[in-house]
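Input: a single structure, listed below in structure tokens.
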Amino acid sequence: MAILKVARMGHPVLRQKCQPIDPEKITGPEVQRLIRDMYETMAEYNGVGLAAPQVHQPVRLVIAGGEVDDEGRHNIRVLINPEITVLDENDRLGMYEGCLSVPGMRGWVERPASIKVAAWNEKGEKLDFALEGFPAVVMQHECDHLDGILYVDRIEDTKKFAYEEEAERYLDLAGQDMDEEESDG
């Protein structure tokens, strides 16, 4: 296994639409090695998700977490050729997102709170499942990478885009400036 170099914002691989992986090649050594290397890379950088273009591979493969099982362990899913269907466009969830390809930054993004996902897993089996809340946000963020979209493209209010240190100091998870909250009370 290897820890791969992460492409940063500005590299063209992050802006291209990725190619699907032939389902018959999923269990082959090339795809399996990429999955293992992506998992190692994500773990090394403490990410909750990683998409193949982030490691310079323009194919439709993501590793995404966000779900926690009953024992407190993160459930990491490997998804190949994922397709997302929004379950309720009006039910939205906003949070400060970050990205390994945009290091040191956070930005407020609102996304659908519940989605359905269809994909292949690392064993070449078809999957079909629903996600809500944080896991749904993580999945949408990672799948955006497959279409050349970064979370920064989804920020509507640039006042809610900051370096991590300043975001932790001056912005809260509800998306309000700390100064605004103090003036309300």
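Given the structure is predicted, the values throughout are model-derived calculations rather than measurements.
Using a 4.5 Å cut-off on side-chain heavy atoms (C-beta onward), Y151 and Y96 make no contact. Contact of the M9 side chain with the P103 side chain is not registered, since no non-hydrogen atoms from C-beta on lie closer than 4.5 Å. Two residues are said to be in side-chain contact when any heavy atoms from C-beta on lie closer than 4.5 Å; F134 and V138 meet this criterion. Residues H11 and P53 form no side-chain contact, since every pair of their non-hydrogen atoms from C-beta on lies 4.5 Å or further apart. The shortest side-chain heavy-atom distance between V59 and L34 falls under the 4.5 Å cut-off. By the 4.5 Å heavy-atom criterion applied to side chains, M42 and V48 are not counted as neighbours. A heavy-atom distance below 4.5 Å is not found between the side chains of D37 and I3. Looking at heavy atoms from C-beta onward, V55 lies in side-chain contact with L50 at the 4.5 angstrom threshold.
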CA sep, side-chain torsions, deciding dist, call: L146, K17, side-chain contact (heavy atoms from CB on, under 4.5 Å):
CA-CA 6 Å; L146 305 180; K17 188 168 178 80; over 6 Å; no

side-chain contact (heavy atoms from CB on, under 4.5 Å) evaluation trace for L79 with N121
CA-CA 5 Å; L79 300 173; N121 70 10; 5.7 Å; no

Set out, in order, the CA-CA distance, both residues' side-chain angles and the distance that settles salt bridge (charged side-chain N to carboxylate O under 4.0 Å, His left out) for D147 and R60, then state yes or no.
CA-CA 9 Å; D147 294 320; R60 299 189 76 79; 3.2 Å; yes

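A donor-acceptor contact shorter than 3.5 Å links the side chain of N81 to the backbone of I21. Here the side chain of Q140 pairs a donor or acceptor atom with the backbone of A136 at under 3.5 angstrom. Distance alone, capped at 3.5 Å, places no donor-acceptor pair between the E110 side chain and the I155 backbone. Between the side chain of Q32 and the backbone N or O of I26, at least one donor-acceptor pair lies under 3.5 Å. Of the possible polar contacts, one joining the T41 side chain to the L4 backbone as a donor-acceptor pair under 3.5 Å is found.
Nearest heavy-atom pair across P82 and V62 is CG-CG2, 4.4 Å. Between C99 and Q54, the shortest heavy-atom contact is SG-NE2, 3.5 Å. The two atoms that bring A51 and H145 nearest to each other are CB-CB, 3.5 Å, heavy atoms only. Contact detail for R15 and L150: the closest heavy-atom pair is NH2-CD1, 3.6 Å. The minimum heavy-atom distance between G148 and D153, with the atom names listed, is O-OD2, 4.3 Å. Closest approach of M139 and A64 over heavy atoms only: CE-CB, 3.8 Å.
The side-chain contact (heavy atoms from CB on, under 4.5 Å) check on N46 picks up nothing, with sequence neighbours excluded.
Interatomic distance, CD1 of I80 versus NZ of K123, reported as 12.0 Å (0.5 Å rounding).
Sparse packing is recorded around CD of E30, with 12 or fewer heavy atoms of other residues, nucleotides or ligands lying under 6.0 Å away. By the neighbour-count criterion of 12 heavy atoms within 6.0 Å, atom CZ of R92 is densely surrounded, having more than that number from other residues, nucleotides or ligands. The environment of CD in E24 is sparse: at most 12 heavy-atom neighbours from other residues, nucleotides or ligands sit within 6.0 Å. When the shell of 6.0 Å around NZ of K5 is examined, it contains 12 or fewer heavy atoms from other residues, nucleotides or ligands.
With F129 as the aromatic partner, R77 meets the cation-pi criteria of under 6.0 angstrom to the ring centre and within 45 degrees of the ring axis.
If you run salt bridge (charged side-chain N to carboxylate O under 4.0 Å, His left out) between R106 and each of E168, E165, E164, E166, only E164 comes through. Screening D128, I84, L131 for a side chain to side chain contact (heavy atoms under 4.5 Å, CB included) involving K116 leaves a single residue, D128.
Hydrophobic clustering, with ILVMFWY side chains joined whenever heavy atoms are under 4.5 angstrom apart, groups V152 together with Y163. By the rule that hydrophobic residues join a cluster once side-chain heavy atoms approach within less than 4.5 Å of another member, I115 and V109 end up as members of separate clusters. Under the 4.5 Å side-chain heavy-atom criterion for Ile, Leu, Val, Met, Phe, Trp and Tyr, Y39 and V31 are members of the same hydrophobic cluster. Under a hydrophobic clustering in which Ile, Leu, Val, Met, Phe, Trp and Tyr are joined whenever their side-chain heavy atoms come within less than 4.5 Å, directly or via other members, I63 and V117 fall into different clusters. A continuous path of Ile, Leu, Val, Met, Phe, Trp and Tyr side chains, each step under 4.5 Å between heavy atoms, connects V78 with W120, placing both in one hydrophobic cluster.
Using a 3.5 Å distance cut-off with no hydrogens or angles, the side chains of E132 and S114 do not pair a donor with an acceptor.
A salt bridge does not link R111 with D91: none of the charged nitrogens is closer than 4.0 Å to a carboxylate oxygen.
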